[in-house]
Amino acid sequence: MSGYRLSSGGQIDRARPLSFAFDGKRYQGYAGDTLASALLANGVDLFGRSFKYHRPRGLFSAGVEEPNALVTLRSGARAEPNTRATVVELYDGLEASSQNRWPSLAFDVMAMNQLAGPLFSAGFYYKTFMGPTRKAWMLYEYFIRKAAGLGAGTLLPDPDRYEEMNAFCDVLVVGAGPAGLMAATAAASSGARVILADEQSALGGNLRGSASAQENLAGLAALDNVTLLARTTVYGYYDDNTLGAVERVADHVAAPAEGQPRERHWTIRAKQVVLATGAIERPIIFGDNDKPGVMLADAGRLYVERHGVAPGRRVAVFANNDGAYRSVAALTTAGVAVSAIVDARREIGAEAQAIAAASGAELLLGQVVTRALGGQRLSGIEVAAFDPVQGARDGAQRQISADCLLVSGGWTPTIHLASQAGGPARWDDSLTAFLPGEASQPWRAAGACQGTLDSAACFAEGAQAGAEAARACGLSPNPVSLPGAKTEPLADVPLPVWDARPPHGKGKAFVDLQHDVTASDISLAHREGFRSVEHLKRYTTLGMATDQGKTSNVTGLALMARERKLSIPEVGTTRFRPPYTPVSLGALAGQARGSHFRPTRRTAMHDWHVENGAEMQAAGLWLRPRIYAQGSETVEQAYSREARQVRASVGMVDVSTLGKIDVQGLDAAEFLNRVYSNGFLKLPEGKARYGLMLREDGFLWDDGTTWRLSETQFLMTTTTANAAPVLSQLEFLLAAVWPELKVAVTSVTEQWAGMAVSGPKSREVLASVLDDLDMSNEALPFMGVRKGHLNGLPVLVARLSFSGELAYEVYCGAHHGEAVWSRILEAGKPFGMIPYGVEALGTLRIEKGHVAGPELDGRTTAEDLGLAGMTSRKKHYIGSSMLKREGLTDPARLKLVGFVSADGGKIRAGAHLVAANDTSSPPRSLGHITSTTYSPALEKYIALGLLEDGPERVGEKLVATYPLKNIDVDVEVVSSHFFDPEGSRMHV
Amino acid sequence: MTPRYSVFSLLRNALSYHENWQQAWRSPEPKARYDVIIVGGGGHGLATAYYLAKLHGIKSIAVVERGWLGGGNTGRNTTIVRSNYLWDQSAALYEHAMKLWEGLSQDLNYNVMFSQRGVLNLAHNQHDLRETLRRVNANRLNGIDSEFLNAQQVKEMVPIIDLREGGRYPVLGASLQRRGGTARHDAVAWGYARGADALGVDIIQECAVNGFRIENGKVTGVETSKGLIEADKVGVVTAGHSSVMANMAGFRLPVQSVPLQALVSEPVKPIIDTVVMSGAVHAYVSQSDKGELVIGAGVDGYIGYGQRGSMQVTEETLAAICELFPLFRRMRMLRQWGGIVDVCPDASPILSKTPVQNLYLNCGWGTGGFKATPGSGWAFAHTIAKDEPHELNAAFTLDRFRTGFLIDEHGAAAVAH
Ligand SMILES: Cc1cc2nc3c(=O)[nH]c(=O)nc-3n(C[C@H](O)[C@H](O)[C@H](O)COP(=O)(O)OP(=O)(O)OC[C@H]3O[C@@H](n4cnc5c(N)ncnc54)[C@H](O)[C@@H]3O)c2cc1C
């Protein structure tokens with residue numbers, strides 16, 4: 001192509017020259033240029049290489065549909081591969097480079113692929129690369145992957161930020177061309193909250209820059225109820241009239257300004273949507289139609305009118321409809337020579353004829369372009385006579401020289417969003433195009449997106465759609481005055497011509513330019529039986545490239561229809577899927593990044609823990625103190641010391657992360673009695689009970705203590721992990737299963753801070769700090785719950801023990817957590833009181849044989865864990881009816897037992913248990929270890945685990961094997977109640 | 001005779017401008033009756049038909065598909081193949097599939113591009129670590145290759161990963177199955193279809209089954225959009241639509257159908273050669289031979305049959321994947337879609353006889369059945385041919401939801417593929 005800058009015209013600012021570089025070479029453009037227009041103005045005609053054959057490719061379009069001109073924009077951490085040069089706004093200092101070529105764009109070694117081209121038919125890879133050995137593919141793949149991909153992604157983390165917006169509106173108008181502008185104006189006149197979004201750098205669509213558009217936009221901008229969003233692509237239409245959009249805030253500058261995001265993701269919930277998304281021109285295919293210099297006709301017009309760039313010096317035009325004559329007129333006005341107009345139609349209207357005559361071009365009616373000529377760029381075209389039934393004729397071809405060919409095969413309405421919203425597209429035979437189908441969500445379409453190409457008609461349709469949308473929101477729109485556009489005499493009804501080649505035409509005819517899918521690939525797919533649209537796409541990869549087939553899908557369908565001797569709609573269309581154009585992953589990921597990716601939950605005592613040397617550990621979203629190491633203690637030394645001190649004197653652990661649910665109401669006790677497997681009806685006020693919850697299928701789900709605070713109020717605790725799932729299960733039960741129960745449940749996990757004070761001295765410590773509670777065994781017996789005060793602060797004190805020691809849990813309002821915690825520790829000083837972490841908590845509970853997360857893994861039953869006694873036989877509760885099934889009572893089920901290391905070796909969690917004399921390889925697993933610790937009380941490594949015939953094996957010697965590290969430890973099976981099995985220590 | 005595919009056949013055909021290729025499978029009109037009808041032309045259904053014809057000598061078989069072959073989850077999945085399951089029964093079944101994968105291209109004479117690029121499962125906290133180690137050891141005891149990598153080794157294998165040391169979800173280690181990887185989903189459906197067709201199986205597309213003919217508790221045929229087709233035996237392999245089919249046959253399934261979505265990026269030069277999955281962060285990624293990043297995560301929060309999935313799940317998935325790979329942020333999402341997956345309460349499949357005689361059911365593969373395709377078809381073919389399950393699928397009965405003999409394969413966290 002030998003494009004050049006016209007001496008005048010275009011919506012560029014010639015007073016603002018911009019300097020930029022492509023493949024290291026410096027060029028100049030103007031504000032208002034795109035990267036594509038600026039390169040075209042500089043006479044650049046080679047923009048990229050195709051995916052498979054590495055054929056040289058030039059500019060094909062002027063918009064989002066561009067299949068060829070993909071570049072890597074910017075460099076370093078901001079490099080953006082596969083960026084369409086046609087939508088990149090030029091800025092000063094812009095850098096871009098070509099892709100998928102080596103060593104250079106002009107000379108690409110991989111173009112050798114073309115020699116093997118005959119082999120690279122559609123789906124060829126399914127038929128070969130299978131031998132000689134079964135592993136052969138791994139080798140072939142290694143080389144195939146080297147050729148994979150287009151541009152190279154950056155290896156550096158993205159320095160930019162992305163924002164998220166949630167917007168609600170009455171009417172969202174997508175597309176700000178003639179139809180969209182009028183729709184927004186009409187809807188806004190009713191006072192409706194309107195959002196008008198357009199992907200282009202400025203609003204106006206086809207009217208961009210015109211006086212009428214400026215006036216219209218100024219009017220809209222002045223309204224408080226209207227939000228105008230340029231550079232904003234509405235990419236997805238989801239359920240409940242929710243649409244996703246991405247606003248490119250700073251993609252048109254070198255880097256975002258201080259504090260500015262690169263892009264902003266909009267989640268728009270609209271009552272009504274008007275789709276005024278326009279249409280995309282489609283080509284007609286012919287031999288070697290991929291030569292640089294072959295361009296869509298309307299793109300040629302846009303380069304002239306918008307950017308003041310001529311696409312070539314000797315331009316030829318190939319059309320089957322009047323649309324291309326707009327381009328001819330534009331070129332003529334700008335003084336660009338049009339040498340020939342090849343039109344497949346035998347007759348054209350007077351207006352088109354007049355335009356052709358004014359251009360001085362030779363008009364060839366009833367003829368088609370059969371082949372593009374030239375080497376790396378277009379030098380001419382071959383033309384032959386065309387018959388609407390027979391197609392192009394062989395022989396008698398004429399050659400015409402041209403450095404640019406503008407092609408128009410008609411228009412493809414942009415129905416992506418309508419299709420995503422649901423509902424199949426509708427075929428229109430006269431326009432040979434798919435139009436939006438029936439609306440299954442509240443949207444309506446207007447303008448070219450509906451197949452209406454005439455401006456005046458678009459205005460009217462847009463105004464009507466906007467008014468209807470406002471009315472559908474219950475508002476009253478005012479009549480709007482339509483800009484005075486004369487009805488265009490040009491007719492956009494195309495003569496169906498898809499493939500202009502004669503029967504034995506030369507050259508490859510590309511349907512999908514980016515993926516190098518040719519007309520013969522489609523014939524091959526048909527021949528081999530890949531005839532449904534989806535098979536066609538998948539077998540040939542038609543429409544699967546980054547342009548998603550915007551200029552090729554319909555042609556591909558038409559060729560398949562020809563092969564199948566069916567009409568196009570009989571062959572079908574594919575459902576469009578989000579996104580309409582590719583969306584950066586960062587915009588979708590949004591602000592959920594780094595520490596904001598998921599919330600970090602900290603307890604009220606968090607700062608204290610950190611200040612006092614705790615090593616914090618993640619438990620779900622929470623952070624909990626793992627150990628409070630002293631000096632150079634190892635983890636094991638630290639938790640052993642902590643656990644020892646608890647049993648010797650007293651310690652305190654933060655238990656605030658447990659789930660806490662307030663259960664209130666007249667039927668609260670009845671409700672809990674149905675939820676827990678053990679009885680709760682008779683739990684007296686001022687008492688707590690340990691409860692088990694089962695899943696409906698009878699398996700164990702969660703455990704915890706629940707405290708009766710009054711006749712009608714309970715405080716339920718759950719495991720840390722299940723806090724939210726238990727709450728939602730309770731809500732579900734109350735809403736859907738037992739709506740008659742008068743109960744309300746509320747999460748109070750974050751409202752209470754909780755700490756467990758354990759050890760023989762716990763009573764003395766607490767007695768000394770509590771203002772008003774009698775802590776004697778009589779006044780506060782085991783499992784008793786009392787309300788009291790500590791330093792004047794209200795607290796709940798429950799006598800519960802997870803450690804097996806005399807112990808209490810103290811709950812207070814979260815805001816007082818740290819004060820209460822510090823005060824208790826202070827009081828404990830004389831006793832050598834220590835804070836202890838989750839590790840020691842685990843050690844103490846394992847020594848007692850209490851189960852926790854590793855045992856409650858959703859696969860165990862109460863019976864497996866020795867808790868059968870807690871599953872009532874007298875009542876119905878969640879899980880009761882499924883509990884007695886053979887699968888849950890099978891004697892072969894693994895059962896909980898304890899293990900002590902017999903050889904002093906450390907038992908590892910995740911080890912499996914095998915018989916000591918099992919010599920098979922690999923040996924048979926009899927079960928596995930769930931929880932392990934060093935026990936300071938027993939001075940041994942101990943563990944809990946699930947074992948076949950567990951309780952019957954007590955006394956047996958087994959091996960805890962860890963194949964991963966080849967470590968075997970001899971263990972003895974023991975009761976899981978290692979320490980103080982009678983529980984005498986906690987009842988004192 | 002179906003001609004063999006090879007580089008030579010490719011060369012030969014190139015000389016004749018590819019004008020002489022035959023169709024990969026015929027598209028016959030249905031006969032009045034068959035010995036066996038398979039309902040559902042996904043990978044599992046086609047594999048079943050193939051092994052029925054190949055290994056059990058059954059001559060008259062039809063696969064009846066309401067749309068196009070592979071148009072269900074087979075053609076929508078993210079193609080992760082692995083066999084490192086926890087329980088013995090699952091391990092045996094998936095490992096059998098793995099062994100078949102390892103020779104599948106040759107067996108079918110169709111390149112399914114089974115690529116053993118390795119599958120990593122990341123561990124981010126103590127809980128993950130414990131579960132991972134238990135699983136690795138269990139795999140070893142089942143003779144399945146399974147390794148544990150520490151964070152540094154993960155970094156060496158996947159240089160672009162951000163270990164997030166000290167961050168929200170630091171990578172503490174990972175399990176690795178080197179024999180795991182990916183395969184080309186469409187090729188699996190097409191390869192089995194072509195293989196089955198060559199053995200005489202009738203593959204009938206665009207033919208929906210709308211009901212079963214059941215006489216005296218025994219199935220005798222299927223009512224289809226192309227009329228009644230009689231059969232001695234019927235195997236139902238309809239994934240997300242299994243509950244609908246069971247309903248037609250008069251029984252209920254403990255299966256929930258939910259949308260599961262996936263997405264791909266624009267193709268970029270290879271930057272990641274293994275499959276990386278993370279339960280806690282809740283996402284996974286691999287890179288296809290075309291260069292697209294293939295990304296997925298968990299299921300949508302509601303039951304439904306709309307094959308697309310919601311925007312929030314896409315956003316959450318990408319937030320998660322960009323945490324692990326912050327350099328992905330400037331790449332772009334090219335396509336996003338959903339499939340309807342059939343989830344059993346214990347996350348294991350049903351490969352079983354049913355309350356209706358001679359009606360067999362293969363479903364419940366949920367979010368992770370692609371990897372099982374060859375093994376599932378193999379075992380299901382045996383079940384249909386012999387009217388009793390093979391040892392490999394004996395535990396995967398429908399009845400287990402009555403008896404409670406579950407095979408609970410819920411991972412530590414719920415990204416299971
Ligand atoms: C997004 C996504 C990602 C996934 N990722 C993975 C992964 O990485 N690894 C993995 O192992 N698995 C994955 N899976 C799961 C996997 O895709 C499925 O488990 C597997 O493909 C199921 O195969 P199938 O043949 O049983 O089902 P399908 O392929 O769904 O086939 C069922 C067929 O039955 C047909 N059918 C339904 N009703 C009727 C009727 N009435 N009459 C006739 N025909 C009917 C359907 O049209 C369909 O073709 C994923 C799934 C999804 C959706």
Side-chain angles (χ1 to χ4, degrees), chain A residues 80-82 118-119 121 124-130 134 137 141 144-145 148-158 238 244 524 527-529 532 534-535 538 546 577-579 582-586 588-589 592 595 597-598 618 858-859 885-888 909-910 912 922 925 928 962-964, chain B residues 5-7 10 14 18 21 23-25 68 71 102-103 105-106 110-111 113 115-116 125 130 133-134 136-138 140-141 143 148 160 168 186-187 266-271 289-291 310-311 314-315 318-319 322-323 326-337 403-405 408 410:
Chain A
E80 287 152 38
N82 309 335
L119 277 183
S121 54
F124 75 98
Y125 29 73
Y126 299 122
K127 296 173 181 160
T128 181
F129 304 129
M130 288 179 278
R134 302 210 308 183
W137 171 245
E141 191 185 35
I144 288 172
R145 275 177 93 79
L150 289 164
T154 170
L155 293 180
L156 301 168
D158 185 356
Y238 297 87
L524 177 62
R527 197 169 302 129
E528 297 195 87
S532 76
E534 283 291 337
H535 282 165
R538 286 155 184 259
T546 63
R577 293 165 175 164
V583 175
S584 47
L585 303 190
L588 286 160
S595 57
F597 171 50
R598 302 267 162 87
R859 298 168 174 129
R885 295 181 294 155
E886 53 261 54
L888 282 78
H912 282 252
S925 170
H928 65 279
Y962 201 80
L964 180 58
Chain B
Y5 289 156
S6 70
V7 67
L10 205 57
H18 300 284
W21 289 108
Q23 44 185 11
W25 56 82
W68 37 280
E102 287 174 328
S105 292
Q106 292 73 25
Y110 206 88
N111 186 0
M113 302 181 197
S115 170
Q116 296 180 295
N125 52 42
R130 196 174 56 221
L133 292 169
R134 174 182 171 196
V136 170
N137 284 320
R140 293 269 182 117
L141 292 177
F148 182 80
I160 60 167
R168 196 71 190 80
D186 290 331
E266 292 181 342
V268 289
K269 294 288 172 207
I271 44 174
D289 287 344
K290 226 170 92 187
S310 53
M311 186 187 358
T314 314
E315 294 185 278
L318 288 172
C322 289
E323 271 306 282
L327 54 88
F328 287 176
R329 286 200 169 86
R330 288 188 102 84
M331 293 175 198
R332 302 189 193 91
M333 170 168 94
L334 178 58
R335 268 192 310 280
Q336 174 252 322
W337 66 90
T403 60
F405 284 109
D408 192 334
H410 284 108

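Chain naming here is simple, since letters A, B, ... match the order of the sequence lines and numbering starts at 1 in each. In what follows, every heavy atom counts, from backbone to side chain, and hydrogens, waters and symmetry copies are set aside.
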**Q** Checking heavy atoms, do the side chain of B:L10, its backbone, both or neither come under 4.5 Å from chain A?
**A**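 Contact with chain A: backbone and side chain both.
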**Q** What's the separation between atom OG1 in A:T154 and atom CZ in B:R330, rounded to the nearest 0.5 Å?
**A**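 Separation between the atoms: 8.5 Å.
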**Q** Is there a side-chain contact (heavy atoms from CB on, under 4.5 Å) between B:M113 and A:E141? Walk through the geometry before answering.
**A** CA-CA 8 Å; B:M113 302 181 197; A:E141 191 185 35; 5.8 Å; no
**Q** Quick one: what part of B:V136 sits under 4.5 Å from any heavy atom of chain A, side chain, backbone, both or neither?
**A**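 Just its side chain gets close to chain A.
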**Q** Can you tell me how far CG of B:D186 sits from OH of A:Y126, rounded to the nearest 0.5 angstrom?
**A** 5.5 Å
**Q** Can you list the residues that meet the side chain to side chain contact (heavy atoms under 4.5 Å, CB included) rule with A:T546, with sequence neighbours excluded?
**A** A:L70, A:L150, A:Q514, B:E266, B:P267, B:L334
**Q** State the NZ-CH2 distance between A:K127 and B:W21, to the nearest 0.5 angstrom.
**A**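 With rounding to 0.5 Å, NZ (A:K127) is 4.0 Å from CH2 (B:W21).
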**Q** Mind listing the closest non-hydrogen atom pair of B:R134 and A:R859 along with its distance?
**A**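 Scanning both residues, the minimum pair turns out to be NH1-NH1, 3.8 Å.
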**Q** Holding to ring pair (Phe, Tyr, Trp, His ring centres under 6.0 Å), I want the full list of residues that pass it with B:F405, two or more places apart in sequence or in another chain.
**A** none
**Q** Could you tell me which portion of A:E886 (side chain, backbone, both or neither) has an atom closer than 4.5 angstrom to a non-hydrogen atom of chain B?
**A**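 Answer is both: backbone and side chain atoms of A:E886 are under 4.5 Å from chain B.
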**Q** NE2/B:H18 to CZ/A:R527 distance, rounded to the nearest 0.5 angstrom?
**A** 9.5 Å
**Q** Identify which part of B:E323 has an atom lying under 4.5 Å from any heavy atom of chain A, answering side chain, backbone, both or neither.
**A**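 Just its side chain gets close to chain A.
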**Q** Any idea which of B:A187, B:G103, B:S105 has the most non-hydrogen atom pairs under 4.5 angstrom with chain A?
**A**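 Highest number of heavy-atom pairs under 4.5 Å: B:G103.
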**Q** Please round to the nearest 0.5 Å and tell me the distance separating atom NZ of B:K269 and atom CG of A:L155.
**A** 13.5 Å
**Q** Apply side-chain contact (heavy atoms from CB on, under 4.5 Å) to residues B:S310 and A:Y238 and explain how you reach the verdict.
**A** CA-CA 7 Å; B:S310 53; A:Y238 297 87; 5.5 Å; no
**Q** Rounded to the nearest 0.5 Å, how far apart are CG of B:N111 and CH2 of A:W137?
**A** 5.0 Å
**Q** Side chain, backbone, both or neither: which part of A:L524 has a non-hydrogen atom closer than 4.5 Å to chain B?
**A**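 Side chain of A:L524 only, per the 4.5 Å heavy-atom cut-off to chain B.
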**Q** Counting only heavy atoms closer than 4.5 Å, note whether B:D289 contacts chain A via side chain, backbone, both or neither.
**A**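 Both backbone and side chain.
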